[in-house]
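As structure tokens, the structure follows; a few thoughts come after it.
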Amino acid sequence: MSALFITEILRLYGAGCAPLLGHHMPLSEETLSRLGTEVPLPKIDRALKELWASDEAKTRASLINFAIYSEAPDALVRNLDLLSKITSDHSCRALLLTCLPDQQPQRARAWVNALCRPYQGKQVVCSEQISFLLEGGDAAQVQNVVFGHVDSDLPLFIWWQGALTLNFEERLYSRIHTLILDSSAWAEPQKELASLMKARACANFDVRDLSWTRSHFLRTALASSFQDVKAREHLPKIQAIEISYAAGQRRAALLLAGWISQRLRAEVDEAASGIAFKKPDGSSLKLTLIETNTTCALSSLRLLAPCLDLTITRDGGSGFVRSNATCEGRCHEEILPADVVSDAELISEQLSRAGGNTHFRAALPLLGKMLARLG
């Protein structure tokens, strides 16, 4: 195998072309055995009943339907581990879907399992897990599998991993309650965002983006910094924003910048070079993005005004952020708790929130304009 061929395979994988690799690297039976007991699709309901009848000490609990959808076969083991962590905090009917649209011949397989945890030291509370491997799966098959096996009385949350492919279709998203995605995984962000905005215009589902959630600790620390009256006086005078981010997390930085510009009632300046915003008084707000070698998606935020210099930083996976503000010659330092950083914790945070996120939805159009500026 030539070095050039290996390089091209790695390039395609980095671009999010998981189905190509899935065609050449099918899932092993050893890996699939981790999904639980394999059953024919028509007998899933009977298998679940037998699962609970076999052990009276287990109590089935479910507050939502939660599905993880992926077209990357190498994500299956990771998703299994994530699902185990998520269900330890959230009881649900869990659907794990691995879809390989390019795999032939077409075939659908299913497994059932119980994800259990102790409750108050005596009982064992369990979530139902139904896993599907859809080889050659198309949009209709995905819809049949999802809607044929959800608990119809509970809301449906779907964590859609990777690109919004052809299987992300109106008959699916028109019936879901909440869509969770991660825009940092988009290989073609402008195209993906356009697909998302089109879907949102057709259906009234809530959207949660892990890239947005990753900026929560900075947004919280920033709001805390402007509790000071003097600092608040200089907020409209901010001239520059600097955001440092890890490789692959530029969308998180852009969403943070969009939120800040919204709070200042600024719009993207179409005439400026690079990314800049125009404030209501006509003055400019410049954005600088800095990619750094860090394990934290967003490692620092800096706001600059003539008499204000505010910096918020987080080191690696530290549980704290440091805020340093210099305002009219006075210095103030504060240490605040930071949010969680793992995907399982981020998803658990999303499942804990009852309402939609209006700030994020409002930032989406700005994200599109900024992505267009970056090309």
Side-chain angles (χ1 to χ4, degrees), residues 18-19 21-23 25-52 60 62 64-87 90-115 126-152 154-169 171-173 175-181 347 351:
L21 284 183
H23 181 76
M25 298 173 61
L27 288 162
S28 69
E29 291 300 317
E30 180 180 0
T31 299
L32 294 173
S33 67
R34 292 186 54 185
L35 296 172
T37 303
E38 184 169 8
V39 296
L41 267 67
K43 297 183 178 181
I44 288 177
D45 289 339
R46 180 190 299 177
L48 289 173
K49 291 178 182 178
E50 292 174 352
L51 188 66
W52 301 118
R60 180 173 67 89
S62 185
I64 61 170
N65 295 293
F66 176 60
I68 301 179
Y69 177 91
S70 175
E71 295 183 10
D74 60 327
L76 180 61
V77 173
R78 182 174 69 253
N79 285 337
L80 272 172
D81 294 338
L82 287 170
L83 195 56
S84 178
K85 295 174 183 176
I86 292 167
T87 54
H90 301 276
S91 299
C92 60
R93 165 72 69 89
L95 305 180
L96 185 59
L97 291 91
T98 300
C99 186
L100 308 177
D102 293 344
Q103 194 79 274
Q104 294 298 328
Q106 192 175 60
R107 180 173 59 157
R109 300 171 65 183
W111 294 258
V112 297
N113 197 10
L115 301 174
C126 304
S127 294
E128 292 176 329
Q129 175 187 324
I130 313 173
S131 303
F132 299 92
L133 175 61
L134 307 179
E135 297 172 316
D138 56 17
Q141 188 178 37
V142 171
Q143 293 158 27
N144 290 338
V145 162
V146 171
F147 298 126
H149 298 93
V150 294
D151 190 327
S152 58
L154 300 175
L156 172 59
F157 289 66
I158 294 184
W159 178 12
W160 192 283
Q161 298 179 341
L164 298 176
T165 62
L166 293 175
N167 286 348
F168 183 71
E169 196 262 357
R171 283 170 291 182
L172 176 67
Y173 60 67
R175 295 177 60 184
I176 67 176
H177 178 275
T178 299
L179 173 70
I180 302 174
L181 49 83
I347 291 293
L351 297 181

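Note that the coordinates shown come from a computational prediction; the quantities given were computed from them, not determined experimentally.
Partner E135 forms a side chain to side chain donor-acceptor pair (under 3.5 Å) with one of R107, Q141, Q104, R109 and no other, that one being R107. Applying the side-chain contact (heavy atoms from CB on, under 4.5 Å) test between V150 and each of I64, L156, I176, I130 identifies L156 as the sole match.
No side-chain heavy atom of F147 sits under 4.5 Å from any side-chain heavy atom of R171. A heavy-atom distance below 4.5 Å is not found between the side chains of E71 and L100. Contact of the P101 side chain with the D138 side chain is not registered, since no non-hydrogen atoms from C-beta on lie closer than 4.5 Å. Using a 4.5 Å heavy-atom threshold, the side chains of L181 and W159 count as separate. Annotation: side chain of I347 is not in contact with side chain of K85 (no heavy-atom distance under 4.5 Å).
How far CD of E38 is from CG of L32: 7.5 Å, rounded to the nearest 0.5 Å. For the atom pair CG of L83 and CG of L115, the computed distance is 5.5 Å after rounding to the nearest 0.5 Å. Between the CG atom of L95 and the NE2 atom of H149 there is a distance of 8.5 Å, given to the nearest 0.5 Å. In this structure, L51 CG and C126 SG are separated by 8.0 Å, a value rounded to the nearest 0.5 Å. Rounding to the nearest 0.5 angstrom, the gap separating the CG atom in L133 from the CG atom in L97 is 10.0 Å. Within the model, atoms CG of L35 and CG of L76 stand 5.0 Å from one another, a figure rounded to the nearest 0.5 Å.
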Exercise. Go through Q161 and N79 one step at a time and tell me if the side chain to side chain contact (heavy atoms under 4.5 Å, CB included) criterion holds.
Key: CA-CA 10 Å; Q161 298 179 341; N79 285 337; 2.8 Å; yes

Practice problem: Report the C-alpha separation of N167 and L172 in whole Å, then their side-chain angles, then the decisive distance to 0.1 Å, and conclude whether the side chain to side chain contact (heavy atoms under 4.5 Å, CB included) test is met. | Solution: CA-CA 8 Å; N167 286 348; L172 176 67; over 6 Å; no

Exercise. Would you check, one step at a time, whether the test side chain to side chain contact (heavy atoms under 4.5 Å, CB included) holds for Y69 with V142?
Key: CA-CA 9 Å; Y69 177 91; V142 171; 3.9 Å; yes

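Looking at E128 and W52, their side chains do bring a donor and an acceptor atom within 3.5 Å of each other. When only modelled atom types and interatomic distance are considered, T31 and E29 share no side-chain donor-acceptor pair under 3.5 Å.
Using a 4.0 Å cut-off between charged nitrogen and carboxylate oxygen, R175 and E169 do not count as a salt-bridge pair.
Taking the six-membered ring for Trp and the full ring otherwise, the centers of F66 and H90 sit at least 6.0 Å from each other. A distance below 6.0 Å separates the ring centres of F168 and W160.
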